[in-house]
Amino acid sequence: MPQTLRPGEPAPTLVRPGVLRSSIEVEPLTCTLGAEISGVSLADAARDDDLFAEIKSLLLRHKVLFLRDQDITRAEHVLFARRFGELEDHPVAGSDPEHPGLVRIYKELDSPAEHYENALHTDGTWRENPSMGAVLRCVESPPVGGDTIWVDMVEAYNRLPEHIRTQIEDLRARHSIEATFGAVLPEEKRHALKALFPDAEHPVVRTHPETGEKILFVNAFTTHFVNYHTPQNVRFGQDYAPGANLLLNYLISQAAVPEYQVRFRWRKNSVAIWDNRSTQHYAVQDYWPAVRKMERAGIVGGRPI
């Protein structure tokens with residue numbers, strides 16, 4: 001059973017005594033979210049059980065880890081990410097043909113305009129089993145701009161007013177790929193995409209399966225609550241739409257609070273590893289006409305509870 005934590009209580013360090021290695025240096029970037037680690041190669045961690053265990057422990061504690069100067073191959077990138085679990089393809093972005101599960105996110109001068117990354121979101125919540133996390137490496141960075149922002153959704157939940165936490169405790173919501181990635185498709189293709197990935201239903205407050213922390217789990221893929229229309233929430237029928245919409249918008253807006261965020265500036269061979277269960281992220285598109293090339297290995301997750 002997952003451990004239940006009090007609001008504000010840090011996640012436990014899930015690592016055996018004696019595993020921590022003095023060669024790894026850890027620099028926390030905020031009080032609750034993000035740490036830059038150095039003195040380690042992910043190519044080595046992909047093959048070393050104890051080294052990987054330490055990195056996973058740090059990830060559970062800090063939710064997103066940053067590393068510099070990781071001159072690794074695509075095969076090593078995939079090998080490391082697979083230590084967390086199986087990798088997933090993306091139905092729209094696709095994968096590298098030689099390395100299934102490695103998505104190439106290349107923004108070049110002739111790339112079509114799109115605005116999926118520069119929205120606060122949690123990867124794949126339109127799946128029944130959203131991503132557990134991801135390992136993202138910068139292949140080419142713009143000279144300035146192109147940062148990525150991560151958000152601590154554990155802290156966002158902990159700081160909600162108590163009456164809001166009580167109100168949303170048992171709420172569930174739908175998440176849709178049709179209304180996001182599929183919106184630009186012709187009607188037939190949009191419906192075909194939804195047939196492959198029907199809207200998923202998830203708890204508005206999920207529990208982290210390894211730390212027991214409670215997480216505010218709504219984002220840009222969330223379309224509506226499915227069980228809001230109850231006597232406790234709706235006095236008259238006309239209360240339903242504004243009441244539910246205002247509450248959902250309020251919850252989604254929490255990810256925009258700077259106190260819950262950490263921002264990372266990319267350089268070539270920088271890597272970010274994040275826990276997709278407890279965070280959101282936003283890729284800032286402020287670098288045109290420069291080029292930004294990233295490669296991401298997304299890790300299959302479990303059903304949120």
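Because the structure is predicted, anything quoted here is derived from the model rather than measured.
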Mutual orientation of the aromatic rings belonging to Phe217 and His175 [parallel < 30°, tilted 30-60°, perpendicular > 60°]: tilted
Phe52 ring center near Phe84 ring center (under 6.0 Å): yes
Aromatic contact, Phe264 with Trp274 (centres under 6.0 Å): no
Stepwise salt bridge (charged side-chain N to carboxylate O under 4.0 Å, His left out) check, Arg137 with Glu76: CA-CA 11 Å; Arg137 185 171 73 97; Glu76 289 169 332; over 6 Å; no
Evaluation steps, side-chain contact (heavy atoms from CB on, under 4.5 Å), between Ile168 and Leu247: CA-CA 9 Å; Ile168 66 176; Leu247 178 59; 4.2 Å; yes
Heavy atoms of other groups near Glu201 CD, more than 12 under 6.0 Å: yes
Donor-acceptor side-chain pairing of Gln232 and Thr230 below 3.5 angstrom: yes
Whether Phe225 and Tyr228 hold their rings parallel, tilted or perpendicular, with breakpoints at 30° and 60°: parallel
His281 versus Asn276, side-chain donor and acceptor atoms under 3.5 Å: no
Polar contact flag, side-chain donor to acceptor under 3.5 angstrom, Thr223-Asp199: no
Can you give each donor-acceptor pair under 3.5 Å made by side-chain atoms of residues 35-42, sequence neighbours left out, with the distance rounded to 0.1 Å?
from  : atom 1 : to    : atom 2 : distance (Å)
Ser41 : OG     : Ala43 : N      : 3.2

Side-chain ion pair, Glu98 and Arg74, N-O less than 4.0 Å: no
Within residues 266-275 or reaching into it, pairs that qualify as salt bridge (charged side-chain N to carboxylate O under 4.0 Å, His left out) - sequence neighbours excluded: Asp275-Arg277
